[in-house]
Participant: 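Following this message is one structure expressed as C-alpha cells.
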Amino acid sequence: MTSATDPYPHAPEAVASTPSAEPAARPDKAPRWSLPVLAAILVLAGVLYSWNLSSSSLNSFYSAAVFSGTQSWKAWFFGSLDAGNFMTVDKPPFVLMVMGLSCRVFGYGTWQMMLPLVAAALGTIWILHSSVKRVWGHGPAAVAALVLALTPITVAINRDNNPDTLLVLLMVGGAALALRAVHNGKLLPLVGSAVCFGFAFNTKMLQGYIALPAVFAVYLYAAQGGVLRRVRNLAVAAVALAVSSFWWAAAVSFVPASSRPYIGGSTDGTAWDLIMGYNGLGRVLGGEGNGGGGGGGGGGFSGTAGIGRMFNEVLGGQISWLLPFSAIALAGGLVLRGRAPRTDLTRAALILWGGWTVLHYLTFSLAEGTMHPYYTTALAPGIAALCGGGGSMLLRAFRTGDAKRWSRVWSWVLPVAFAATGVWAVVLLRRASGWNTWLWPTVAVVMVLAIAGLFLFRSGRRARFLTGAVAAAVVASLAGPTAYAASVTASSGGGMNGTNPTAGPTTGGGMGGGPGGGGRGGFPGGDQAPGGRQQGGQQGGAEAGGEAPGGGGQMGTPPNGAPSGAPTGAPTGQQQGDGQEQRGQGDPTGTPPTGAGGGMGGGGGMGGGMGGGADSAMTSYLEKHRDGAKWLVAVPSSQSAAQLIVSTKQPVISMWGWSGSDKAMTLAKLKELVKKGELHYIQLGGQGMGGGGGMGGGDSDSVSAEVTAWVQKHGTAVKASEYSNDSSAESADSAESADSADSSSNASSGSSSTGSSDSQNTQALYRLDAKDVN
C-alpha cells in the first residue's frame with residue numbers, strides 16, 4: 001500500500017469512454033491539504049475512541065481472559081478465561097493475545113488493554129484512506145476516512161474490548177493488499193492479503209471470511225497476467241490462508257485433552273467443533289448456543305432476520321445512514337466504468353468494496369443465529385469507500401458539460417443520492433423522540449439548499465460555489481451519524497455497556513442510549529436517567545419477556561477492595577455480549593432490578609460488583625478458607641466467573657460456559673479436582689455471584705444436573721451467617737436449607753430438574769474435601 005503522504009498515487013489505466021466515465025482527476029503531487037486533513041481525521045477519531053475511556057464499562061468476559069493471560073502463558077495461548085486453564089472463552093485468542101501482551105508490558109488496566117485496539121482503529125482509517133486514494137485520489141480518500149471515523153457503531157465498538165476492532169483492521173488490510181495485487185499482478189501482496197484474512201479468522205472465526213468471495217473474484221477477473229497465472233497465484237494464496245487460519249486450531253488439537261482447557265462454546269471441547277458450530281454456520285442458521293428462527297437469539301439484539309434488518313429501529317441509527325448513497329454510488333460507478341478494460345483498477349475497486357458491502361449486508365440481515373448490533377461495524381469500510389470513491393465518480397459525471405450525451409441522465413444521479421440520504425437521515429432522527437429535536441429540521445433545510453446549489457452552480461465559472469454546495473450536502477449527510485457518534489463520549493462519565501455497545505439515543509427498538517437515551521441497548525446497568533429511572537426497551541438474550549437457558553441475572557454493589565482502574569463490564573443475565581450469548585430472561589421495561597447501581601467507572605461499572613448481589617464478605621471468606629486450592633471457587637457460568645476473576649484476581653472455574661450448554665465440568669472431573677485439593681468451593685444457584693443464571697444448560701442438562709445433585713448430597717453447605725453479619729443472613733440460611741432439601745428431593749426422584757424455581761434464584765455455596773469423594 002502507498003503511504004498516506006505518497007505524492008504519486010497510482011492511476012488506473014486510461015479508458016476509451018465518455019468523459020463522465022473517467023474517475024476524478026488525480027494530481028501528480030499530493031495537494032497541501034491532504035496530509036493535514038488526514039491528520040485531523042485521525043485526531044478526531046482518536047478523541048472519539050479514547051475520550052474518558054477509563055470510565056467506560058468494558059466487557060468483563062474478555063477483561064478476565066486478558067488478565068489470566070498476564071498470569072499464565074498457557075492461558076495467553078489458549079485464550080483461557082481463568083489462569084488455572086479450566087475453560088477458554090468462546091472465540092479464538094488472537095485479540096486476547098494482543099491485549100495480553102500490552103498488559104504484560106504496561107500493566108493490567110483499561111488503558112493498557114485498549115491501547116492496541118485504539119491504535120488498530122486508527123490504522124484501519126489510515127489503510128482505507130491509502131487504498132481509496134490509490135484509485136480515486138486524495139479528496140475521495142478524505143471523505144472515505146471521515147465516513148469510517150464517524151460511523152456510530154464503529155465509534156461505540158472501538159471504545160470496547162470486543163474483538164471486532166481488530167477484526168475490521170485485518171479485513172481492511174487484506175482488501176487493500178488484494179487491490180494492490182490486482183493492480184500490479186504480483187504474488188506477494190496477494191499472499192499478504194490471505195494472511196490478513198487468516199488472522200481475521202483467528203480473531204472471530206468465520207466472520208473474518210465474509211468478504212473473501214469478493215476478494216478472490218476481483219483478483220481472478222481483474223488482475224494482470226493470464227488466467228493460469230492468476231489461478232496459480234490464488235492457489236498459493238489459498239495455502240497461505242489455510243495456514244494462517246488453522247494454525248491455532250491445529251496446535252490445540254495436538255495437545256491432549258487432559259492437558260488443555262475445555263474450548264468454550266464447543267460441544268466436545270475441541271476447536272474444530274467451535275469453528276463449524278457455534279462460531280460457524282450456527283451464527284447464520286441458528287442452533288446450538290445461537291438461538292434460531294430469527295426471533296431467537298438474534299431477534300432480541302438486532303430485530304427479526306430479514307432483508308430490511310439494517311434499516312430497522314435497532315440497527316438503523318447504528319449503520320444505515322449512508323447505505324442508500326453507497327448503493328447508488330456503486331451502481332452508478334459500475335455503469336460509468338462499463339467500457340473499461342478487464343484490468344481497470346477503478347472498476348475492480350468498485351466490485352471489491354461493493355462486494356464487501358453486499359456480502360456483509362446479506363449475512364447480517366439474514367442471520368438466524370445470534371446477531372449483535374456491533375457486528376455491523378464490519379459494513380462501515382465498504383460503505384465509506386463507496387461514498388468516497390463512488391461519490392467522486394457521480395460528482396464528475398454530474399459536472400459533465402451540457403453538450404455531452406449522458407448529461408441529462410447523470411445530472412440527476414448525484415442529487416437523487418443526496419436527497420435519499422437526507423430523507424433517510426430525517427427518518428432516523430425522528431425515531432429518536434425527544435432527542436436533539438432541532439437536528440432533523442436543520443439537516444432537511446441544509447440538504448434542500450445544497451441540492452438546489454448543485455443545480456444552480458453546475459455550469460459556468462462557479463466552481464467554488466459548486467464546491468460549497470457539495471460540502472453542504474456532505475455535512476448534512478454526516479450530521480446525524482456524527483451526533484450519534486458524539487453521544488458515546490458525551491454520555492454520563494463516558495461509560496457504556498461493554499457487552500453490547502451501541503451509540504446514540506434509545507429508539508423504538510430499545511437499543512442505543514446516548515444522552516437522553518438511557519443505558520445503551522436498554523439494558524440494566526447502563527446510564528440512568530434523572531431520578532434513577534432506567535430508560536431503554538427490549539432486552540437482550542431471548543425475546544423480551546422470553547425465557548431460555550441461562551436464567552436471569554441481577555446487579556449489586558461492587559465489592560470492597562475492587563481494583564482501581566481495572567477494566568469493567570456488566571455481563572449480567574440481562575446483558576450479553578459477543579461470545580456470551582446467554583439466553584436469559586429479559587425485562588421488557590428496561591427497569592433495573594432493585595439494588596442495581598453503578599460500580600467502578602459508571603455505566604454499571606463492574607457489572608454491579610460481581611453481579612448477582614454477592615458482596616465482598618463472601619469473596620473474603622473464600623480467600624481466607626481457600627486452603628491452598630488452585631481455584632477460588634467454581635460457579636455455574638462464565639459471566640459469574642469473569643467478574644469474580646476481575647475483582648479478586650484469582651482463578652475461578654466456569655463450569656458450564658456462558659450459555660450454560662458447555663459440558664466442561666463433569667462429575668468425574670469435579671471429583672478429581674476435589675480429591676487433588678485443587679478445588680474446595682462450588683457455588684450453585686440462579687443469580688449467585690454474578691448473576692450466573694441457571695444450572696448449566698438449564699434444567700434438562702443431564703451433566704449439570706448430575707454434578708449439582710452430587711454436590712448437594714456430598715458437600716457441606718456454607719451458611720450465609722458464616723461470612724456475613726447481615727441481619728438477613730439467618731433467614732437466608734433457612735431459605736437455602738429448604739431449597740437444598742427440595743433440590744435433593746427432586747434429584748433423588750430422578751427428575752432432571754436441579755431444583756425448584758425458587759432455588760434457582762438463591763445462591764448456595766458448598767465446601768468439598770477429599771474425604772467427600774468416594
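These figures come from a predicted structure and were not determined experimentally.
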Participant: Would the distance check show the side chain of Arg337 and the main-chain N or O of Thr346 forming a donor-acceptor pair, the cut-off being under 3.5 Å?
Facilitator: no
Participant: Does Val314 offer a backbone N or O that forms a donor-acceptor pair with the side chain of Arg309 under 3.5 Å?
Facilitator: no
Participant: Between Leu334 and Arg347, is any pair of side-chain heavy atoms under 4.5 Å apart?
Facilitator: yes
Participant: When rounded to the nearest 0.5 angstrom, what is the spacing between CZ in Phe398 and CZ in Phe455?
Facilitator: 5.5 Å
Participant: Any heavy-atom pair between the side chains of Phe364 and Ile319 that's under 4.5 Å?
Facilitator: no
Participant: Under 3.5 Å, is there a donor-acceptor pair between the side chain of Ser302 and the main chain of Met371?
Facilitator: yes
Participant: Any sub-3.5 Å donor-acceptor pair from Tyr49's side-chain atoms to Ala149's backbone N or O?
Facilitator: yes
Participant: So, taking the atom named CH2 in Trp356 and the one named CG in Leu212, what distance separates them when rounded to the nearest 0.5 Å?
Facilitator: 9.5 Å
Participant: Under the side chain to side chain contact (heavy atoms under 4.5 Å, CB included) rule, what do Ile383 and Thr151 come out as? Steps first, then yes or no, please.
Facilitator: CA-CA 10 Å; Ile383 294 173; Thr151 300; over 6 Å; no
Participant: Got Ser411 and Arg458 here, is their nearest side-chain heavy-atom distance under 4.5 Å?
Facilitator: yes
Participant: Among Val172, Leu167, Leu166, Val168, which one satisfies side chain to side chain contact (heavy atoms under 4.5 Å, CB included) with Leu170?
Facilitator: Leu166
Participant: Find out whether the Lys NZ or Arg CZ of Arg230 is both under 6.0 angstrom from the six-membered ring centre of Tyr219 and within 45° of the ring's axis.
Facilitator: no
Participant: Please report the shortest heavy-atom distance between Val443 and Ala476, naming the atom on each side.
Facilitator: CG1-O, 3.6 Å
Participant: Could you pull out the closest heavy-atom pair between Ala450 and Ala473, with the gap in Å?
Facilitator: CB-N, 3.5 Å
Participant: Hey, could you give me the CG/CG distance between Leu345 and Leu350, rounded to the nearest 0.5 Å?
Facilitator: 9.5 Å
Participant: Nearest 0.5 Å please: distance from the CG atom of Leu122 over to the CD1 atom of Ile127.
Facilitator: 11.0 Å
Participant: Is a side-chain donor or acceptor of Thr437 paired with a backbone partner of Ser433 at a separation under 3.5 angstrom?
Facilitator: no
Participant: With no hydrogens and no angle check, is any side-chain donor or acceptor of Asp164 less than 3.5 Å from a backbone partner on Ala378?
Facilitator: no
Participant: Donor-acceptor pairs under 3.5 angstrom involving side-chain atoms of residues 36-46: please list them, not counting sequence neighbours.
Facilitator:
none

Participant: Over all heavy atoms of both residues, which pair between Ala486 and Leu48 is shortest? Give the atoms and the distance, please.
Facilitator: CA-CD2, 4.3 Å
Participant: Could you tell me whether the side chain of His129 reaches within less than 4.5 Å of the side chain of Leu148, counting heavy atoms only?
Facilitator: no
Participant: Hey, are the side chains of Tyr361 and Ile307 touching, using non-hydrogen atoms and a 4.5 Å cut-off?
Facilitator: yes
Participant: Is the Phe325 ring parallel, tilted or perpendicular to the Phe418 ring (thresholds 30°, 60°)?
Facilitator: tilted
Participant: Output the distance between atom CE (Met393) and atom CG (Leu336), rounded to the nearest 0.5 Å.
Facilitator: 5.0 Å
Participant: How many angstroms lie between CZ in Arg134 and CZ in Arg180, if you round to the nearest 0.5 Å?
Facilitator: 5.0 Å
Participant: Set out, in order, the CA-CA distance, both residues' side-chain angles and the distance that settles side chain to side chain contact (heavy atoms under 4.5 Å, CB included) for Tyr375 and His360, then state yes or no.
Facilitator: CA-CA 10 Å; Tyr375 294 178; His360 279 93; over 6 Å; no
Participant: Spell out, as yes or no, whether a donor-acceptor pair under 3.5 Å connects the side chain of Ser131 to the backbone of Leu128.
Facilitator: no
Participant: Passes side chain to side chain contact (heavy atoms under 4.5 Å, CB included), Leu150 versus Val155? Steps please.
Facilitator: CA-CA 7 Å; Leu150 295 178; Val155 174; 5.8 Å; no
Participant: Can you find a pair of side-chain heavy atoms, one from Leu190 and one from Lys186, that are under 4.5 Å apart?
Facilitator: no
Participant: Closest approach of Ala329 and Leu386, non-hydrogen atoms and distance?
Facilitator: CB-O, 3.6 Å
Participant: Would a distance-only check, ignoring hydrogens and angles, find a side-chain to backbone donor-acceptor pair under 3.5 Å from Ser326 to Leu323?
Facilitator: yes
Participant: Applying the side chain to side chain donor-acceptor pair (under 3.5 Å) test to Thr377, which of Thr165, Asn158, Thr154, Asn162 qualifies?
Facilitator: Thr154
Participant: Given side chains that start at C-beta, do those of Trp321 and Leu429 come closer than 4.5 Å, heavy atoms only?
Facilitator: yes
Participant: I'd like to know if the side chain of Trp424 and the backbone of Gly316 have a donor-acceptor N/O pair within less than 3.5 Å.
Facilitator: no
Participant: Can you list the residues that meet the side chain to side chain donor-acceptor pair (under 3.5 Å) rule with Thr124, with sequence neighbours excluded?
Facilitator: none
Participant: Specify the closest pair of heavy atoms between Ser477 and Thr421, including all atoms of both residues, with the distance to one decimal.
Facilitator: OG-CG2, 3.6 Å
Participant: Over 60° means perpendicular and under 30° means parallel, so classify the ring planes of Phe301 and His372, tilted if in between.
Facilitator: tilted
Participant: State, to 0.1 Å, how close Gly185 and Gln224 come at their nearest heavy-atom pair, and which atoms those are.
Facilitator: CA-CB, 3.9 Å
Participant: Should Tyr374 and Asn500 count as side-chain neighbours, where that means a heavy-atom distance under 4.5 Å?
Facilitator: yes
Participant: If you apply the rule side chain to side chain contact (heavy atoms under 4.5 Å, CB included), what do you find for Val182 with Val218, and how did you get there?
Facilitator: CA-CA 8 Å; Val182 168; Val218 166; 3.8 Å; yes
Participant: Quick one: does Arg342's side chain have a donor or acceptor within less than 3.5 Å of a partner on Tyr221's backbone?
Facilitator: yes
